[in-house]
Amino acid sequence: MKIVVIGGTGLIGSKVVRLLSERGDEVIAASPKSGVNTMTGEGLDAALLGAEVVLDLANSPSFEDKAVLDFFVTAGTNLLAAEARAGVRHHVALSVVGTKDLQESGYFRGKRAQERLIKASPTPYTIVHATQFLEFLGSIANSVGADAAIPLSTALIQPIASDDVAAFVAEAALAQPINGTVEIAGPEKFRLADLVARYLGDIEDSRKVQPDPEAKYFGARLDEASLLPRGAARLGTVTYADWLKTSRPNR
């Protein structure tokens, strides 16, 4: 089976490519560096020729509101049109738990626009909604600023390791399309502020977290469960402690 992984050199994409390649499938790691550009359409038709499954794991290079929306709409439109021309049988996309409810954030507005395009496309699909990655705890802290005190929400979070995300995405690629959404999450729940404070301490970062129920998350207000799965999620197995043993801090 030929599987094309858009964003195949990224954090999740590279792991998915390895997992699927180990099965013996023909896996194409597509990215602008390999001559496949979803923003311009360059190389898409050639890459998708004969493909049965396409995984869209690419992310916007910018989190600025307009740039994010432009990326997901333009890249999604080009990719889905190329899939229809190639007769692709299954489109798998990685998205985020809570996307529909966090529309104050430009990033989540972009993800919702992407999901709407997928659902309107003739290509059968599976959308994988993941909770926040453990690998991005440093980025969450940095998103607030580099000051000594970091205000963060006290909402609950159920973060997942990238290894678990990759395993679930690879599984979805090999299954039949569900024309719907599956949710995945990590095995543990934390308060966002508490977890980031613990992480900063573990990597010996001197910044301190200020728990603040009103603090926004990438521009969006949170309630207690905004970052948690909405239904019966598939749970990964990698705990925070296990992940920290092998991770490289993203500071």
For [X], side-chain hydrogen bond (donor to acceptor under 3.5 Å, both in side chains) partners two or more places apart:
| X | result |
| --- | --- |
| Asp65 | Arg109 |
| Lys245 | none |
| Asp202 | Tyr240 |

How long is the span from the [atom1] atom in [X] to the [atom2] atom in [Y], to the nearest 0.5 Å?
| X | Y | atom1 | atom2 | answer |
| --- | --- | --- | --- | --- |
| Leu156 | Phe190 | CG | CZ | 11.0 Å |
| Asp194 | Ile157 | CG | CD1 | 11.5 Å |
| Ile150 | Ile140 | CD1 | CD1 | 11.0 Å |
| Tyr199 | Leu244 | OH | CG | 7.5 Å |
| Leu222 | Leu192 | CG | CG | 7.5 Å |
| Leu174 | Leu20 | CG | CG | 5.5 Å |

For the backbone of [Y] and the side chain of [X], can you confirm whether one donor and one acceptor N or O come within less than 3.5 Å of each other?
| X | Y | result |
| --- | --- | --- |
| Glu204 | Leu200 | no |
| Gln132 | Leu137 | no |
| Lys119 | Gly180 | no |
| Arg191 | Thr154 | yes |
| Ser105 | Phe218 | yes |
| Thr99 | Val96 | yes |
| Asn78 | Thr38 | yes |
| Glu183 | His129 | no |
| Asp164 | Thr237 | yes |
| Ser34 | Ser31 | yes |

Is it the case that one hydrophobic cluster holds both [X] and [Y], taking links as side-chain heavy atoms less than 4.5 Å apart, direct or via other members?
| X | Y | result |
| --- | --- | --- |
| Val92 | Ile118 | no |
| Phe72 | Phe63 | yes |
| Leu44 | Val53 | no |
| Val169 | Ile6 | no |
| Phe136 | Ile184 | yes |

Beyond-backbone contact of [X] with [Y], side-chain heavy atoms, under 4.5 angstrom:
| X | Y | result |
| --- | --- | --- |
| Phe108 | Tyr217 | yes |
| Ile28 | Val5 | no |
| Val182 | Ile127 | no |
| Ile160 | Gln158 | no |
| Pro159 | Leu195 | yes |

Any pair counted as salt bridge (Lys or Arg N to Asp or Glu O under 4.0 Å), so long as it reaches [range], sequence neighbours left out:
| range | result |
| --- | --- |
| residues 68-97 | Asp45-Arg85, Glu52-Arg89, Lys66-Asp70 |
| residues 20-44 | Arg18-Glu22, Arg23-Asp25 |
| residues 90-103 | Asp101-Arg230 |

Over all atoms of both residues, closest heavy-atom pair of [X] and [Y]:
| X | Y | answer |
| --- | --- | --- |
| Val73 | Thr77 | O-OG1, 2.7 Å |
| Ser162 | Lys15 | OG-CE, 3.1 Å |
| Ser62 | Val68 | O-CG2, 2.9 Å |
| Thr131 | Gly186 | OG1-N, 3.9 Å |
| Tyr107 | Asn59 | OH-OD1, 2.9 Å |
| Val128 | Ala172 | CG2-CB, 4.2 Å |

Just do the side-chain contact (heavy atoms from CB on, under 4.5 Å) check on Leu79 and Gln114 with the steps written out, would you? CA-CA 11 Å; Leu79 178 58; Gln114 178 193 35; over 6 Å; no
Verdict with supporting geometry, Leu152 and Asp212, side-chain contact (heavy atoms from CB on, under 4.5 Å): CA-CA 6 Å; Leu152 284 176; Asp212 180 358; over 6 Å; no
Could you tell me whether the side chains of Thr126 and His90 share a donor-acceptor contact shorter than 3.5 Å? yes
If only side-chain N and O atoms count, and only distance matters, is there a donor-acceptor pair under 3.5 Å linking Glu188 with Thr239? no
As a quick check of understanding, evaluate side-chain hydrogen bond (donor to acceptor under 3.5 Å, both in side chains) for Asp223 and Ser226, giving each step before the final call. CA-CA 5 Å; Asp223 61 30; Ser226 293; 2.8 Å; yes
So for atom CZ, which belongs to Arg198, do other residues, nucleotides or ligands contribute more than 12 heavy atoms lying within a distance under 6.0 Å? yes
Give the intermediate values and the outcome of side-chain contact (heavy atoms from CB on, under 4.5 Å) for residues Leu80 and Tyr125. CA-CA 11 Å; Leu80 291 163; Tyr125 69 91; over 6 Å; no
